[in-house]
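In this chain, residues are counted from 1 in sequence order.
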Amino acid sequence: MEVTGAGPRRPGWTPALVPAVLVCLSGLFLFAFDWRPVGYLTMAAGLAVCVGLDRVLLRDLLLIAVGLVIVSTVSVRADVGWVNIVLLGTVLTLAVAIPYLLSRFGYGDHAIRFRWLSGERWTRGMIAYLVAVPAIGWVVLPLYFVRSGAYLNWPPLADGTEVARFLVGVTYMGSWDEFFFICTVFALLARHFSFWPANVLTTVVFVSFLWELGYQAWGPALTIPFALLQGYLFMRTRSLLYVLCVHLLFDVVVFLAIVHARHPEALPIFWS
């Protein structure tokens with residue numbers, strides 16, 4: 001992954017991790033716990049610490065903070081009503097667009113890029129993983145949604161129009177996850193820290209967001225490995241298209257599993 005305009009990457013522990021941890025930890029309070037004031041205070045503390053520590057890192061943490069604040073202005077709990085679809089879609093789009101525009105035209109750099117392809121051919125292992133992802137989802141996701149009752153966090157899907165809007169929402173949300181968490185949060189952190197600190201911090205925010213979205217109960221047992229793997233795949237492949245394909249293939253099974261949980265007689269394709 002290309003790094004432009006950043007300071008040297010810091011291996012292992014470094015004091016600069018403190019403000020980054022605070023800013024990313026704010027996502028836990030904003031989304032998972034829904035403690036907005038605590039989240040904003042934690043974020044502000046992280047930025048304040050960074051003022052006297054590293055001005056270059058501060059600029060990038062500010063971009064992450066802007067995105068998080070924008071997302072926190074609405075509830076991201078699943079709702080397929082037309083008003084919510086328009087509102088949430090607008091807010092999430094702004095959460096990606098505004099940090100990008102600030103970076104590109106405010107800072108004059110290319111910290112945030114949406115590089116679809118790396119220029120390298122996809123290996124057999126990469127293609128095999130694309131096949132394995134929905135197969136793993138087919139086994140695991142119905143077990144999770146049905147037995148934990150987490151499917152109740154999603155809309156009742158009372159008719160075909162709700163099902164159609166839900167499919168659109170799942171597809172958009174899965175795509176947005178990669179644009180924001182990987183191409184924005186992870187890419188900005190990876191300018192300053194080695195892979196694992198950047199990936200773990202991104203995962204904290206990613207999983208916190210997914211918790212509010214509806215992946216509750218023992219959902220983090222699924223979402224934490226998934227988030228870590230997405231960061232790893234992006235680092236290895238340098239291809240937004242590839243991580244998007246992985247995510248959307250998984251989300252197709254998420255969609256089918258929730259429809260199955262709501263209407264098992266209409267979609268009897270799972271074993272649970």
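For W82, the CH2 atom is loosely surrounded, since the number of other residues' heavy atoms within 6.0 Å does not exceed 12.
Here the closest non-hydrogen pair linking L17 and P197 is CD2-CB, 4.1 Å. Pairing each heavy atom of T223 with each of P220, the nearest pair is OG1-CA, 3.1 Å. Nearest heavy-atom pair, S75 versus L88, reported as atom, atom and distance to 0.1 Å: O-CD1, 3.9 Å. Across every non-hydrogen atom of P268 and E265, the tightest pair is CD-O, 3.8 Å. Summarising the geometry of A45 relative to L22, their closest heavy-atom pair is C-CD1, 4.1 Å, with the distance given to 0.1 Å. For the residue pair A227 and N199, the shortest heavy atom distance occurs at O-OD1, 4.0 Å.
A side-chain donor-acceptor contact under 3.5 Å links R262 to the backbone of W154. Between the side chain of T42 and the backbone N or O of V38 there is at least one donor-acceptor pair closer than 3.5 Å. The main-chain N or O of V254 is never found under 3.5 Å from a side-chain atom of D251 such that the two would form a donor-acceptor pair. The backbone N or O of Q230 lies less than 3.5 Å from no partner atom in the side chain of H247, so there is not a single donor-acceptor pair. A donor-acceptor contact shorter than 3.5 Å links the side chain of T73 to the backbone of I70. Although no hydrogens or angles enter the test, the distance criterion places no donor-acceptor pair under 3.5 Å between the side chain of Y242 and the main chain of T237. With W138 contributing its side chain and I269 its backbone, the two residues share a donor-acceptor pair below 3.5 Å. Between the N84 side chain and the D79 main chain, a donor and an acceptor come within less than 3.5 Å of each other.
Note: T184 OG1 to L63 CG = 9.0 Å, rounded to the nearest 0.5 Å. Taken from SG in C183 to CD in E178, the straight-line distance is 7.5 Å, to the nearest 0.5 Å. Atom CG of L58 sits about 4.5 Å away from atom CG of L62, to the nearest 0.5 Å. Rounding to the nearest 0.5 Å gives a distance of 12.0 Å between CG of L229 and CD1 of I224. With rounding to the nearest 0.5 Å, the separation of CG in D34 from OG in S72 is 10.0 Å. From T202, atom OG1 reaches atom CG of L189 across 4.5 Å, with rounding to the nearest 0.5 Å.
L57 places a side-chain heavy atom less than 4.5 Å from the side chain of F193. With a 4.5 Å cut-off on side-chain heavy atoms, P99 and I64 do not count as touching. The side-chain heavy atoms of Y107 and L102, taken from C-beta on, include no pair separated by under 4.5 Å. By the 4.5 Å heavy-atom criterion applied to side chains, H192 and V56 are counted as neighbours. Taking the side chain as every heavy atom from C-beta outward, H263 and V163 never approach each other to under 4.5 Å.
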Exercise for the section: Check step by step if side-chain contact (heavy atoms from CB on, under 4.5 Å) holds for R59 and D109. Expected result: CA-CA 11 Å; R59 296 187 347 154; D109 65 21; 3.4 Å; yes
Exercise for the section: Decide yes or no on side-chain contact (heavy atoms from CB on, under 4.5 Å) for V253 and F270, but give the supporting numbers first. Expected result: CA-CA 10 Å; V253 187; F270 297 102; 4.2 Å; yes
Practice task
Mind running side-chain contact (heavy atoms from CB on, under 4.5 Å) on Y129 and T123 for me, showing each step along the way?
Solution key: CA-CA 10 Å; Y129 186 64; T123 65; over 6 Å; no
Exercise for the section: Take W176 and V71, measure what side-chain contact (heavy atoms from CB on, under 4.5 Å) needs, and give me the verdict at the end. Expected result: CA-CA 12 Å; W176 180 85; V71 176; 3.8 Å; yes
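Neither V83 nor V91 shares a network with the other; the hydrophobic side chains, linked directly or stepwise wherever heavy atoms of I, L, V, M, F, W or Y lie under 4.5 Å apart, form separate groups for each. Hydrophobic clustering (side-chain heavy atoms under 4.5 Å, transitive across Ile, Leu, Val, Met, Phe, Trp, Tyr) groups I258 together with F226. Linking ILVMFWY residues whenever their side-chain heavy atoms come closer than 4.5 Å, directly or via other members, leaves V86 and L213 in distinct clusters. Cluster annotation: L141 is connected to F255 through the hydrophobic network of ILVMFWY side chains, with a link wherever side-chain heavy atoms come within less than 4.5 Å. L117 and L240 end up in the same hydrophobic cluster when Ile, Leu, Val, Met, Phe, Trp and Tyr side chains are linked at under 4.5 Å.
Classification of the Y215-F145 ring pair by plane angle, with boundaries at 30° and 60°, yields tilted. Under the 30°/60° scheme for interplanar angles, the aromatic rings of F114 and F179 are found to be tilted. Between F181 and F206, the angle of the ring planes stays under 30°, which puts this pair in the parallel group of the 30/60° scheme. Between W35 and F33, the two ring planes are tilted [angle within 30° to 60°].
In this structure, F31 has its ring center no closer than 6.0 Å to that of W211.
The side chain to side chain donor-acceptor pair (under 3.5 Å) check on Y232 picks up R236, with sequence neighbours excluded.
Checked against S239 for a side chain to side chain contact (heavy atoms under 4.5 Å, CB included), the options W116, W122, F234 give a single hit: W122.
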